[in-house]
Structure formats: structure tokens, C-alpha cells
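Report on the following structure.
Below, chains carry the letters A, B, ... as their sequence lines are ordered, and counting in each starts from 1.
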Amino acid sequence: MTFGKGSHLHLIDGSAFIFRAYHALPPLTRKSDGLPVGAVQGFCNLIWNEISGGPTTKSTPTHIAVIFDASSITFRNEIYPEYKANRPELPEDLRPQFPLTREATRAFNVACIEQQGFEADDIIATYARLATEAGGTCTIISSDKDLMQLVGNGVDMFDPMKNKVLGVDEVFEKFGVGPDRVVDVQSLAGDSVDNVPGAPGIGLKTAALLINEYGDLDTLLARAGEIKQPKRREVLTEKVDQIRLSRELVTLRRDVPVEDALADLVCKRPDAGALMDFLSRMEFRTLTRRISDKLGVEAPAITEAPATPAAAEAAPVAEQIPFEPEKYACVRDLETLLGWIDRIRDQGFFAVDTETTSLDEMRAELVGISLATAPGEACYIPLIHSEGSDDLFGSAKLLEGQIPAEAALAALKPVLEDDSILKIGQNIKYDAKIFARRGIKVAPFDDTMLMSYAMFSGLHNHGMDELSETYLGHKPIPIKPLLGSGKSARTFDKVGIEDATKYAAEDADITLRLWQAFRPRLHRERVTTVYETLERPLVPVLAQMEMHGITVDRQVLSRMSSAFAQSMAGLEAEIHEMAGETFNVGSPKQLGEILFDKLSLPGGQKGKNGAYSTGADILEDLATEHELPGKVLDWRQLSKLKSTYTDALQNHINPETGRVHTSYAQTGANTGRLASTDPNLQNIPVRTEEGRRIREAFVAAEGKKLVSLDYSQIELRILAHIAEIPALKQAFRDGLDIHAMTASEMFGVPLDEMTPEVRRRAKAINFGVIYGISGFGLARNLRIPRDQAQAFIDTYFQRFPGIKDYMDKTISFAKEHKYVETLFGRRIHTPEIGAKGPSAGFARRGAINAPIQGTAADIIRRAMVRIPAAIADLPAKMLLQVHDELVFEVEESAVEETIARVKAIMEGAAAPAVEIDVPLIVDAGVGMTWAEAH
DNA sequence: ACCTTCACG
DNA sequence: GACGTACGTGAAGGTG
């Protein structure tokens, strides 16, 4: 059916409607898994009313289409980058509903239209023009005032939620002018929501007044000098450019090169099967019944999926679609890639994975990209696979049939940055950094590794292979045989494209399937908030910190290395002299034999594999008996400092940036702490004077300072709060020395008579409590008899009864649920809690410690998530996190301001989710080096 | 690949 | 009464 006289087109402003439905309707979630679907249901009701001529429809259309915004980046951003820049973040429970609404549109067999670079409004304007030019009429289903400029000459608007027609009269009411002058008024009045500047100081009322007086905007501007009010005259003569720019922004384009002809938008009867399938999957009972009645088909039964208990037994999901690596596509030309991109745009989400030449994102070359759109539907895009060995310039001959990397990335960039398209990754921080180095910002995203961490921390690790085997029952193709090992090791760009395709595309396929399995489960496991507030938002923060890196002075390290080497050589000679023979001082086995067999020193204890134990505590005890153990201890310290720090750190200086870039493993620690690797910058020495000097090599760049802010006693404060210990809480409120106060309480020593030794014991006990104290452990730590240690503990429990209560409650909670929780709802599974034997002790202490350590970890994460925006206008960068400390690099002029802002955020980081009964205190330090700042 | 040792919070 | 233990990490070097 062609479009012409008598035809009536309905254009539904899809994106705007979803927002309105989301805010206007009560939140609704899918019963079986908690997926938010309120806006989708509102949308489905609207579409059904539209095509069935339901109660809230003004007129029945002959043609219909739903128009969506393809992305927030449009031609308007090119003329004015700040356009819509102050839009609030998309609510987390709305985001997943966008792709579902597109799916709904197709299920109703209604045209679903969007176009890159244009807003929905422009497409609507274009179709409205086409419709009237063809002799038909058009109703825009929307209440957006920005569309009111289109009203008139056969076009009107209809607000489905207020059931109200918006015609020329309503436009007059709203703007004080007719539709043809709406643009002029908007250009003057501006729009704070869309961030259109307009003429400062002129609002809707004044704008309408002026336009009505002068006829139109151009006349007004031309005759601005005649205006009597000086303020208005000034603005209208001086801000002409800004006003004209605003006009460009608010004027809708009516010439978008649309792809679908009007005739294609003709109303079609929905395919009952597909529609019923969709509605029942959404679990819309009433709507399913209503529509099935009308279509005369059987309504599918919607089963109430029972909420499954804890995650503990993660039954492998039945494999519905088999893995068939040979079916994966290899994308070798741009046209094919564009086909995949089209599919992705239709769908609104996809899985992505990158293949590179290195695990170090700061050095890695991008070799290829894989995409997956559905289980079994995946492809690999090889970019720089090459043959043979690299020539002198590091480039071997590129293999044929690869899209130039630049072109492929240019095609993918809009999709990767499109905020209506969800990118799914497994450890997506890695891929995001690879893309970031090429100017591509990946957002929004989901990360299956983080989903797994939020749901299953403590149960297993979160690597893809393990997740695939556990939750998909599929063992992925191993990478080892492709890359070889040892001498024959090669980078991924040397892997043949056929093999690479199977391996790489499968990774994307697996990631997509994991996401499908995990996404509904997040709600069921009650960890959506943890994932959304503590995991996902941290990814870009960590990526930025890692990419910034920190300057490490190679000279300082290298001088220290030499000094250490000299001292070690001297010590080694002395040690050999004392031993009466040469041996490898670094070998615990050989050392043990020297100490306990040859010199027959006492206390030789053989461990389970028959070797003597030669740990620092044992050597310290032996130091009173013989000179040699002390020398070994000195040698060991130097050896450690040299090999792990002064030597190794030099090799981690990136040649391009001249800085050291650590990697933070977000899922590295079960408790929620981060782990730092390659290099580990969370264990740089500080406790001894010699070791601390290594921190002098960590320096601020020219003209800047290092600033360190750390929480004071955060774990003890959390303990005081969680276990509700009034005395501890009060002591923290009064700003007392907490260890001295504990000592005073326990041993009855008045504070002013406190000795360092008594305080030291109390401190050890305080820490012991956090670790799940035991008489044995405390005895060993304090080197006192076990019964004495036990007596301390008994006294402690007596003085602070809440502690024992907390421990007992935590253990019984863990036994009942097989997990423990932080104050912010992070779950740490404790599968071993019911075990018999030695592991029971470990599990118990772990269960006691996890909520405390984990809550502290959650708090600093919350601070880290907030900090970047709070200091965005300052010349300050967050570089490092060391569990309770954050290190910044700041231009000298901004040091004080940075400290003030960051301190406030850190100290208030628990709020508003949790109110901690004890103040959180942050101390700050500044210096040229980390040694000074800490 | 595993163990021991030791650096940090 | 015995078991074996402080909590959470990562890197390096030795050993088999």
C-alpha cells in the first residue's frame, strides 16, 4: 500500500517515551529473575493501543513507525560539543530496557527506525514532511516540546499518557507563538535540559514577547539596537553568535536521508507467534491475555520460575546451541563488517573481545577483534596478522584479506561509544584500555568477570575458561597450542587467521553466553547493587589510574641496586667464612643443613617435605646463639629489596611513557580488595628504614607533588561499628590512641602510665581480633607462652563482650548461608565453613575477617568511584590505591584544594548507603616523593 | 609446578 | 584432647 491522500502516519517518539514511562510508572520487575521491565510494559501497552485502536488512541493510523535515538552523538555535537552534555547518567535499571523496547517494536511487527548521527526528532521531522508532501497526515506520538515546531499543515501531536492532542492552540499556549516561530523563541530562551545556551537572561515569556513584537528572530536581531531595555539590548547585540548557534541546535532537520520509504511503514498485522513469545518471555500476563484474545490465539502459559537458592551449586546450564568453531565468520572486508555492525545496532548489545600481542595493555598491539551477537553467532576481524619474522623495523609482511586496522576501528568506534548499545566483555578493562589507546571510549559495558565476582566470590575464580566450564559446560579452545611456549613462543599476530578465528570468536561467543546466564541471575543473587555501585563503575577509574602510571626514577633505583649488591657480597663472604664452606645463601635447603646439621644449632624443625624451616622468626631466635643467622637475615633483606624492587621496577618503566603502569585485578581478592600486579605497587617497602628508601624513587613529575591520603585505622573502626563495642566507638569519637586505650582497659594501666610494651601487646590483640584471633596465633606473634596469650584474649572478650558476640554470630550466619556479607551487601562465600579438620579453622577466621576487610574495601571503592568527577577541574590525577591509601599527582598550586576535596569524599564514602557510628578519619601527606608524602 | 620466603595493608 | 593456625595479597628464587 502506497502512502498518499487519506493515509495517516503515526510516528512514535520511542526513546522519549521510554524515559517517560520509566519515570511515570511504578517500577516493575520480571518475576522470575528481577529484570526491570516497567518501561517495556508501558511501551508495549502504547504500541498495542496504537495498532489496535485502543482507548487512548486519537486516530487509527494506516502507517506507523517507532523512532529511536541511535546514539547521543549527533551532528549537533559537532557544531556545539556541550549539546546535551549535562544529561544525568542513565539509571541502571533503565539501561537494559532499551534493547528490549526495540525487540518489542519488532515483535509487534512495527517499523523500528533509527539513524546514526541524527536524533529521533530529526527523523520524525523528516517523515512528517514526507507524509504531508505526499498528501497524507501525520500524528506524532510524543509530548516533547522540541517537536512542536512541526505542528500544523496536517501534522499534530498526541500525548498518550495524558491522552491529549497537541495542536496549534496548545503550541500557542506553551510558547506564546505559532509553530512557525517556535524555533525563534527556543533560540532565545535556550534549554537547560538540552544545554542549549540561548540568550542569557531571556526566558520563554520575554522571548515570545520580542518575537511577537518584531515578527521573527532575524528581524529582531537586525533591529536589536532599538530595544529600550538596556539589558535586553545588550544581550541581543552581543550574543548574536550564541543565539544563532542555538537556532541551529533547536531547528529540526527535515532532510535526513531516511532509508525506509513511507510505503514501507504500512501497518502490518503482528506475527502472533513471535509476539506471544516475546510477551510471555517478559512475563506480561495481562497484556499477553488481552492480545491473545484479540488475535484469536492461545495464550502461552507463563510459568512462575521458582527463585533458586544460593549460588553454591552452580549447575551447568544445559547447552542449547552447540559450540561450532568452524561456523564462526572471519570478517575480511569492510562491507561484511558493516553488516555485523548493522546487526549490532538492531539488537542493542553484543560481546566484544580483543586479541593482542601482549598481556601488558600499555605495550600491546591490537591484532584482531571478535564480536558475538547471539549464541553461536560470532566473528573474528583479523587486522594485523603477519607471516614470518619481523624485519628490522618490527613489521613483517601483513597477510592478505585483512581490513586496514584504521578503517575497521573507524567503523567500530561509533558502536563502541554508542550509549544505547551495550558492550559485553570478560575483563573488559583490558579491552577498554586497548581501545582507549586508540582514542575509543567503550561505554556502556557489562563485564561477565565482574558479574561472576559479585555473585560467586569465594566459590571459584573468575577467568573465562573456568566460568565457561562451570556455567556453560564447555571447555574453550586452549590458547597454549596456538602461541606455543618457550623457544617456539609467538605472539597472536603470528597465529594463522583460520585458527585465530576459531579461538577468538569463541571467546566472544562464550562471553555473550555467560552474560545471558549471569544477567538475570545477578538479581536473584541480590548482588545487583554491588555490581552496579562497587564493580562496574570502578572499571574506568582503574583503567585511568593504570594508564597514567607513576614516575619512577631509574637512577635512584640503579644506585640502590649497586649498593645492595656490594653489601650482599660482603655479607656473603662473612657467611661463608662462618659456615666454613661456600653455599647458596639464597637456598633455604642448603642454609638449613648448614645451620642445623653442620653447626647443630637448636630448634631445627623439618617441615612436611623434609626441609628445615628457615623463616625470619626462626633465624631471629637463632641470632642469640650464633652470628651467622643474623647475617643471613641482613642478606635476605637486601636480596629481597634488590631483586623484587630496585632491579625489577626498572624493568617495568614503560619506554614510551617513562612511567610504571601497574594493573589492578578487581577480582583478585575474595574480600573485595584490589590486587596489584606487574608490578605489584601495593607492597613497596615501608616498615624498615632501608626499605622505605625505595619510595624515594617514586617521584612527582616536574612542577607537581605526590599527595597521599590514607584512612586511619579503618578496619578497627569498622569492627567497632559492626560488633557494636561502645568503649571502642567512644574512643574513636574522642580521637584517642586506640591501642593505648585498649591496653588501659585490658591491663588496668592508666593512659598516662602506658608503656610502649603494653601498648604493643594491645595493638597485636586488636589486629588479632580482626584476623579471627587464636591463642596460638597471638602467642606466636607476641612470642609469649600460649596460655598467657589465651589469658589476654579471655580478658579482651570480657572487657569487650560485643566482639565475641560478633564472632559467634558471623560464624553461625556463615554456617547457615554459606557466605558472609559486608555492610554494603558484598557477599563472600565460605563453602568450607562446615568442614571438619584443619581447614575449619581457616574458614572460621576467614569468615570473621571478610566482613571487616571487605567493608573497608567497599568504602575506598566508593570513594574512588566518586573522586574523578570531583577533581575533574583540578590538575590532579589519582595514580595508586594501596588498600587504605590513595596516591595522587597534583600540580603544586592545586595541592590544598585536592586534599580538601578528596579527604571529604573519603571520609564520607560510606554515606548515604551506610551510616557508620564512628568517624572515618583520613590523614594526608605531600612531598616530592612517595617517601615524603606517605 | 610447587614451595618458601618476605614485601605490603 | 588433638589437630594446625593469625586475615588478605604478589614476586622472586630454589627445587624437583
For this output row, return yes or no: ring centroids of [X] and [Y] closer than 6.0 angstrom.
{"X": "A:Tyr796", "Y": "A:Phe792", "result": "no"}
{"X": "A:His576", "Y": "A:Phe583", "result": "yes"}
{"X": "A:Tyr819", "Y": "A:Phe813", "result": "yes"}

Listed nucleotide nearest any side-chain atom of [X], set [options]:
{"X": "A:Thr644", "options": "C:dA6, C:dA11, C:dT5", "answer": "C:dA11"}
{"X": "A:Ser643", "options": "C:dT5, C:dG13, B:dC8", "answer": "C:dG13"}
{"X": "A:Tyr771", "options": "B:dG9, C:dT5, B:dC8", "answer": "B:dG9"}
{"X": "A:Pro588", "options": "C:dA11, B:dT5, C:dC7", "answer": "B:dT5"}
{"X": "A:Pro685", "options": "C:dA12, C:dT9, B:dA7", "answer": "B:dA7"}
{"X": "A:Arg845", "options": "C:dA11, B:dG9, C:dA6", "answer": "C:dA6"}

Which part of the nucleic acid, if any, lies within contact of [X], taking any heavy atom under 4.0 Å across all strands shown: a base, the sugar-phosphate backbone alone, or nothing?
{"X": "A:Ile770", "answer": "nothing"}
{"X": "A:Arg786", "answer": "base"}
{"X": "A:Ala764", "answer": "base"}
{"X": "A:Phe842", "answer": "sugar-phosphate"}
{"X": "A:Gln637", "answer": "sugar-phosphate"}
{"X": "A:Asn781", "answer": "base"}
{"X": "A:Gly841", "answer": "nothing"}
{"X": "A:Asn680", "answer": "sugar-phosphate"}
{"X": "A:Gly772", "answer": "nothing"}
{"X": "A:Ser587", "answer": "sugar-phosphate"}
{"X": "A:Ala665", "answer": "nothing"}

Is any side-chain N of the basic residue among [X] and [Y] closer than 4.0 Å to the acidic one's carboxylate O?
{"X": "A:Asp858", "Y": "A:Arg861", "answer": "no"}
{"X": "A:Glu690", "Y": "A:Arg695", "answer": "no"}
{"X": "A:Glu889", "Y": "A:Lys877", "answer": "no"}

Looking only at side-chain N and O atoms, does [X] come under 4.0 Å of OP1 or OP2 in [N]?
{"X": "A:Arg673", "N": "C:dG8", "result": "no"}
{"X": "A:Asn849", "N": "C:dA6", "result": "no"}
{"X": "A:Gln590", "N": "C:dT15", "result": "yes"}
{"X": "A:Thr671", "N": "C:dC7", "result": "no"}
{"X": "A:Arg687", "N": "B:dG9", "result": "yes"}

Review point. Would you call the rings of A:Tyr612 and A:Phe596 parallel, tilted or perpendicular, where under 30° means parallel and over 60° means perpendicular?
Key: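 If you compare the ring of A:Tyr612 with that of A:Phe596, the planes turn out tilted.
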
If I pick the [atom1] atom on [M] and the same atom on [N], what distance separates them, to the nearest angstrom?
{"N": "C:dA6", "M": "B:dT5", "atom1": "P", "value": "13 Å"}
{"N": "B:dC6", "M": "C:dG1", "atom1": "P", "value": "36 Å"}
{"N": "C:dT5", "M": "B:dT4", "atom1": "P", "value": "11 Å"}

Exercise for review: Can you run down the side-chain hydrogen bond (donor to acceptor under 3.5 Å, both in side chains) pairs that involve residues 920-933 of chain A, sequence neighbours left out, and say none if there aren't any?
Suggested key: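 Passing the test, one end in residues 920-933 of chain A: A:Glu885-A:Trp930.
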
Check your understanding: When A:Phe824 is tested against each of A:Val530, A:Ile859, A:Thr533 for side chain to side chain contact (heavy atoms under 4.5 Å, CB included), which residue passes?
Key ->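 Checked A:Val530, A:Ile859, A:Thr533 against A:Phe824; only one passes side chain to side chain contact (heavy atoms under 4.5 Å, CB included): A:Ile859.
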
Check your understanding: Reading DNA chain C 5' to 3', what string of ( ), [ ], | and . shows its pairs, if Watson-Crick and G-U wobble pairs count only when both distances fall under 3.5 Å?
Key -> ......|||||||||.

